[in-house]
Amino acid sequence: MIRNVKLIPVFNSKGNLTVMAKVYTTKEVFSASVPAGTSTGKNEAVSLDVDVAIKRFNSIRTNFTGMDENEWRDVDTFIRQIDGTENFSNIGANVALAVSIAVARASVDNDLWRLERKYAKTRFPFPVGNIIGGGAHGGGTTWQEFLLIPYKAKSIIEAVYTNIEIWKIVGEELRREKLLIGRNIENAWMCKLDEEKTLEFLSKICEEWKVKLGIDFAASDFWDGKSYNYKKGKKLSKKEQIEYIVDVAKRFDLFYLEDPLEEEDFEGFHILKEELKDRLVIGDDLYCTNVKRLRKGIKNKSTNGIIIKPNQVGTLSQAEEVVKIAKENKITPIISHRSAETEDNWIADLAIAWRIPFIKTGIMGTERLSKLNRLIELWNSIPNVEMAKVW
Ligand code: PGA
Ligand code: ZN
């Protein structure tokens with residue numbers, strides 16, 4: 001039984017305040033903290049300023065006393081009811097999610113990966129690692145993230161090792177060639193190369209290491225309502241951007257294409273998906289982990305992949321529903337960190353609980369490694385483990 005719920009202001013990896021929830025039950029104390037985005041989608045649930053959010057929450061927190069943590073989905077429903085809005089603008093999606101996860105943790109004695117236990121074998125997600133960055137996260141390119149997928153890995157440690165080794169090699173080579181600017185907010189390298197030069201550079205390394213290459217374009221960030229504006233002055237119309245993405249995806253054999261178009265272009269995504277069969281065309285800002293937007297994407301046959309970021313929607317059970325509907329419609333879920341992270345590792349557990357085949361959580365930096373190390377810990381403590389079946 002829940003005795004009390006408290007919120008504590010803590011810092012995220014960008015040095016901004018976020019919330020940690022502490023749920024006190026008759027057994028123990030369970031906690032969870034939540035991340036924040038930088039290149040956020042305009043349809044995300046609203047996160048409030050931490051001071052305001054904590055003050056508001058303190059006026060309602062006694063309502064949780066006496067609730068049963070094992071009925072964590074009911075607690076989520078209750079959180080939505082007391083907020084009373086579609087987008088959590090009253091209590092804040094950051095608060096809603098922190099409480100939701102801490103309560104869910106209480107229901108499984110902290111082992112969030114046990115939230116759903118339906119299968120004899122436990123499958124682990126392939127890590128999608130941000131190697132070179134740009135866009136709103138900082139870096140030379142207009143596109144936001146160049147991503148590695150170590151698809152040959154037979155274990156999670158081999159997968160993580162592959163991404164880390166490539167990260168070291170890429171950093172050294174960029175430094176040697178005097179192309180290195182530094183590291184961005186997700187600890188991806190920032191370099192002086194443009195988009196295509198970055199792809200040429202990475203393609204060679206990916207071939208040697210047998211990893212697949214992906215991109216999060218975060219295209220809404222360089223769309224002004226009329227054209228896609230590239231850093232070096234290039235301007236592309238909707239149609240030209242689609243043609244360019246198809247050309248680049250084929251030339252550089254990109255397996256993973258996240259937000260290649262702006263966040264309202266459901267039809268454009270459909271054209272791309274048809275042109276790029278056998279590759280993942282993924283919506284992040286397009287969907288914002290929102291069930292209504294996912295349904296629109298299904299109707300338009302927009303994508304075959306969806307990013308799952310629970311803080312875009314507000315509670316765990318809402319994110320769970322999105323994953324379920326995506327799977328029913330053969331849309332691959334990819335669970336993801338945010339650029340401003342905490343050391344909390346719940347996305348790792350959720351990837352296992354919800355059988356999600358990819359986890360996007362960066363490569364280096366303690367706030368990224370905490371998720372990867374959690375997966376390694378679980379690989380070594382759960383019997384009957386294997387990598388996700390995607391290839
Ligand atoms: P964000 O970016 O966390 O800054 O929103 C990550 C992404 O776009 O995938
Ligand atoms: Zn994204």
Side-chain angles (χ1 to χ4, degrees), residues 12-16 18 33-47 93-94 97 125 127-139 141-149 183-188 190 213-223 228 245 254-265 269 272 280-290 293-294 297 302-314 319 322 326 331-342 344 346-347 351 356 358-365 367-368 370-371:
N12 66 27
S13 59
K14 275 173 78 177
N16 297 328
T18 183
S33 37
V34 294
T38 303
S39 73
T40 47
K42 71 172 193 281
N43 296 292
E44 293 193 24
V46 178
S47 282
N94 42 354
L97 186 64
V128 178
N130 187 359
I131 182 86
I132 290 180
H137 288 177
T141 57
T142 307
W143 300 337
Q144 187 176 278
E145 299 166 27
F146 293 76
L147 302 157
L148 304 176
I149 306 153
R183 290 195 210 179
N184 75 6
I185 52 173
E186 288 190 358
N187 286 300
M190 300 190 286
L213 197 51
I215 293 179
D216 179 0
F217 298 86
S220 292
D221 285 340
F222 57 100
W223 166 254
Y228 291 96
I245 299 293
L254 303 178
F255 168 70
Y256 174 117
L257 300 104
E258 179 179 334
D259 282 348
L261 303 173
E262 56 93 9
E263 61 205 315
E264 297 300 339
D265 194 1
F269 270 82
L272 266 182
L280 279 179
V281 175
I282 301 157
D284 171 13
D285 293 345
L286 181 76
Y287 295 127
C288 290
T289 320
N290 178 303
R293 295 187 67 84
L294 172 58
S302 298
T303 72
N304 53 11
I306 179 172
I307 290 284
I308 305 295
K309 291 172 171 168
N311 83 320
Q312 285 180 326
V313 62
V322 171
I331 295 175
T332 302
I334 297 116
I335 197 157
S336 169
H337 64 168
R338 300 307 305 254
S339 50
E341 263 297 335
T342 75
D344 202 338
W346 44 262
I347 56 166
I356 294 182
F358 296 101
I359 184 167
K360 192 179 168 213
T361 186
I363 299 178
M364 288 298 276
E367 74 282 6
R368 319 286 153 194
S370 64
K371 287 78 170 161

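Read the numbers this way: they start at 1 and go in the same order the structure lists the ligands and their atoms.
Atom numbering of ligand 1 starts at 1 in the shown order; those under 4.0 Å from a heavy atom of Asp284 are 7 (C), 8 (O), 9 (O). Listed by number with element, the atoms of ligand 1 under 4.0 angstrom from any heavy atom of Gly37 are 1 (P), 3 (O), 4 (O), 5 (O). Shown in contact with Glu145 at under 4.0 Å from a heavy atom are these atoms of ligand 1, numbered in order with element: 6 (C), 7 (C), 9 (O). Against a heavy-atom cut-off of under 4.0 Å, His137 is close to the following atoms of ligand 1: 1 (P), 2 (O), 4 (O), 6 (C).
We find the CG-CZ distance between Leu147 and Phe255 to be 12.0 Å, quoted to the nearest 0.5 Å. Here the straight-line distance linking atom OG1 of Thr289 with atom CD1 of Ile306 works out to 6.0 Å at 0.5 Å rounding. Separation of atoms NZ (Lys360) and CG (Asn130) is listed at 7.0 Å; rounding is to 0.5 Å.
Among all protein heavy atoms, the one lying closest to atom 5 (O) of ligand 1 is Arg338 NH2, 2.7 Å. For atom 3 (O) of ligand 1, the nearest protein heavy atom (residue, atom name, distance) is Ser339 N, 2.8 Å. In terms of protein heavy atoms, atom 9 (O) of ligand 1 is closest to Lys360 NZ, 2.8 Å. Of the protein's non-hydrogen atoms, the one nearest atom 6 (C) of ligand 1 is Lys309 NZ, 3.4 Å.
In the candidate list Gln144, Glu341, Glu258, Gln144 is nearest to atom 8 (O) of ligand 1, counting heavy atoms.
With 3.5 Å as the limit, one finds no donor-acceptor pair spanning the side chains of Tyr228 and Thr142. In this structure, a donor-acceptor pair under 3.5 Å is present between the side chains of Lys14 and Thr38. Side chains of Asn311 and Arg338: a donor-acceptor N/O pair is present below 3.5 angstrom, by distance only. For the residue pair Asp284/Gln312, the side-chain donor-acceptor check at 3.5 Å is satisfied.
Scanning for salt bridge (charged side-chain N to carboxylate O under 4.0 Å, His left out) contacts around Glu263 gives an empty result, with sequence neighbours left out.
Residue Asp216 touches ligand 1 through its side chain alone, judged by heavy-atom distances below 4.0 Å. The proximity of Thr38 to ligand 1, defined as any non-hydrogen pair under 4.0 Å, involves the side chain as well as the backbone.
The shortest distance between side-chain heavy atoms of Val322 and Tyr287 does not fall below 4.5 Å. With contacts defined as side-chain heavy-atom distances shorter than 4.5 Å, the pair Trp223/Asp265 does not qualify.
Formation of a donor-acceptor pair under 3.5 Å by the Thr361 side chain with backbone atoms of His337 is not found in this model.
A salt bridge is absent between Glu44 and Lys309: the closest approach of a Lys/Arg side-chain nitrogen to an acidic carboxylate oxygen does not fall below 4.0 angstrom.
Backbone and side-chain nitrogen or oxygen atoms of Ser39 are examined, and one is located within less than 3.5 angstrom of a nitrogen or oxygen of ligand 1.
Within a radius of less than 2.8 Å around the Zn ion (ligand 2), the protein N, O or S atoms are Asp216 OD2, Glu258 OE2, Asp284 OD2.
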